[in-house]
Amino acid sequence: MTGIAEGIAALSGIKTIIDGLSAVRDEAKAAEIKLALMGQLFEVRQALDTLQDQLAKVKAEKAQLQQENLELQKRIDAVDEYDLIQVVGGAQVLAAKPVDGAPHKPPYYCHACHTDGKKSVLSFEHSTFGNAHFPAHLNCQRSETHQLKLPGGTKAQQLGFAS
């Protein structure tokens, strides 16, 4: 009977060895799986970082576009407040929209400045020598180059300015 007992003991030892080898094999597989998962996690993290960078750029672009939209809306609203009219001699100026069909009257605004998003009042300047041979002007208060020549002899009252 000792042979059977020794056989059982040997089989039990073999089973313990097999279990140990299986455990080592399972640990190696687990380590391999863990390493593969860590690699995938790293790739996912890189993709997430890239997406977060792209999202930040899109948010910045959105904020910039919203600001531009707000500025354009202000300009549109400002345009709705004025009419582009021709005064004596064909000079084009902006004037506040008249109330109840009344005629346009000063202040007049520089059309060139308004196109640039600025608001500049035009002032009337009499003829240099007070006669018809030297023209009067509408002068932009913001830019000296925005001077509108009027026909010689033009009077301030013709444009609605007080004398």
Side-chain angles (χ1 to χ4, degrees), residues 1-87 89-125 137-149 159-161:
M1 283 241 213
T2 55
I4 292 178
E6 289 172 351
I8 291 176
L11 285 175
S12 176
I14 291 173
K15 183 179 181 310
T16 302
I17 291 172
I18 290 173
D19 287 344
L21 290 175
S22 293
V24 169
R25 186 193 70 211
D26 291 345
E27 285 179 26
K29 275 190 169 182
E32 184 180 320
I33 291 170
K34 183 178 177 184
L35 186 61
L37 288 174
M38 288 177 70
Q40 288 177 347
L41 179 62
F42 179 73
E43 290 172 6
V44 167
R45 184 63 193 183
Q46 283 183 319
L48 178 62
D49 289 345
T50 300
L51 289 173
Q52 286 176 332
D53 289 344
Q54 290 174 350
L55 178 62
K57 288 178 186 176
V58 167
K59 284 183 177 181
E61 287 175 16
K62 178 184 176 188
Q64 180 182 358
L65 290 172
Q66 286 175 327
Q67 181 63 33
E68 288 175 15
N69 186 38
L70 182 63
E71 290 170 10
L72 288 172
Q73 190 59 48
K74 286 180 183 178
R75 287 180 72 183
I76 288 170
D77 292 344
V79 166
D80 289 341
E81 295 177 27
Y82 302 99
D83 287 331
L84 181 62
I85 63 169
Q86 283 189 346
V87 293
Q92 291 189 333
V93 299
L94 289 172
K97 290 193 179 207
V99 179
D100 297 328
H104 291 96
K105 59 183 181 178
Y108 298 126
Y109 299 94
C110 178
H111 181 250
C113 289
H114 195 269
T115 302
D116 292 337
K118 308 292 185 208
K119 186 175 180 181
S120 180
V121 174
L122 295 169
S123 61
F124 181 81
E125 182 181 320
H137 298 90
L138 287 176
N139 293 321
C140 176
Q141 294 178 357
R142 189 175 149 272
S143 173
E144 291 179 12
T145 62
H146 299 163
Q147 184 182 66
L148 303 173
K149 292 181 182 178
L159 298 170
F161 287 97

Hey, what do you get for [atom1] ([X]) to [atom2] ([Y]), rounding to the nearest 0.5 Å?
| X | Y | atom1 | atom2 | answer |
| --- | --- | --- | --- | --- |
| Leu94 | His111 | CG | NE2 | 5.5 Å |
| His146 | His114 | NE2 | NE2 | 13.5 Å |
| Gln147 | Ser123 | CD | OG | 9.5 Å |
| Gln64 | Asn69 | CD | CG | 12.5 Å |
| Lys74 | Glu71 | NZ | CD | 7.0 Å |
| Lys15 | Ile18 | NZ | CD1 | 8.5 Å |

- Checking side-chain contact (heavy atoms from CB on, under 4.5 Å) for the pair Cys113/Cys140: CA distance, chi angles, key distance, verdict? CA-CA 9 Å; Cys113 289; Cys140 176; 3.5 Å; yes
- Task: Check step by step if side-chain contact (heavy atoms from CB on, under 4.5 Å) holds for Leu138 and Phe124.
- Result: CA-CA 5 Å; Leu138 287 176; Phe124 181 81; 4.2 Å; yes
- Message: Taking side-chain contact (heavy atoms from CB on, under 4.5 Å) as the definition, give me every residue that meets it alongside Glu61, ordered by chain and number, with sequence neighbours left out.
- Response: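 If we apply the side-chain contact (heavy atoms from CB on, under 4.5 Å) test to Glu61, skipping adjacent residues, there are no hits.
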- Message: Restricting to side-chain contact (heavy atoms from CB on, under 4.5 Å), what partner residues turn up for Leu48, sequence neighbours left out?
- Response: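 Checked Leu48 against side-chain contact (heavy atoms from CB on, under 4.5 Å); matches are Arg45, Gln52.
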- Query: Is the backbone of Arg142 close enough, under 3.5 Å, to the side chain of Ser120 for a donor and an acceptor to pair up by distance?
  - Reply: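 Indeed, once roles are kept as given, a pair shorter than 3.5 Å links the two residues.
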- Message: Do Lys119 and Tyr82 have side chains that approach each other closer than 4.5 Å (heavy atoms only, starting at C-beta)?
- Response: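 A side-chain contact under 4.5 Å exists here.
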- Do the side chains of Tyr108 and Val121 get nearer than 4.5 Å, heavy atoms only?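 Val121 does not reach Tyr108 side chain to side chain.
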- Message: Atom CD of residue position Glu144 - does it have more than 12 heavy atoms of other residues, nucleotides or ligands inside 6.0 Å?
- Response: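 Not more than 12 within 6.0 Å, no.
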- Residue pair Gln54, Leu51: steps toward the side-chain contact (heavy atoms from CB on, under 4.5 Å) verdict: CA-CA 5 Å; Gln54 290 174 350; Leu51 289 173; 3.7 Å; yes
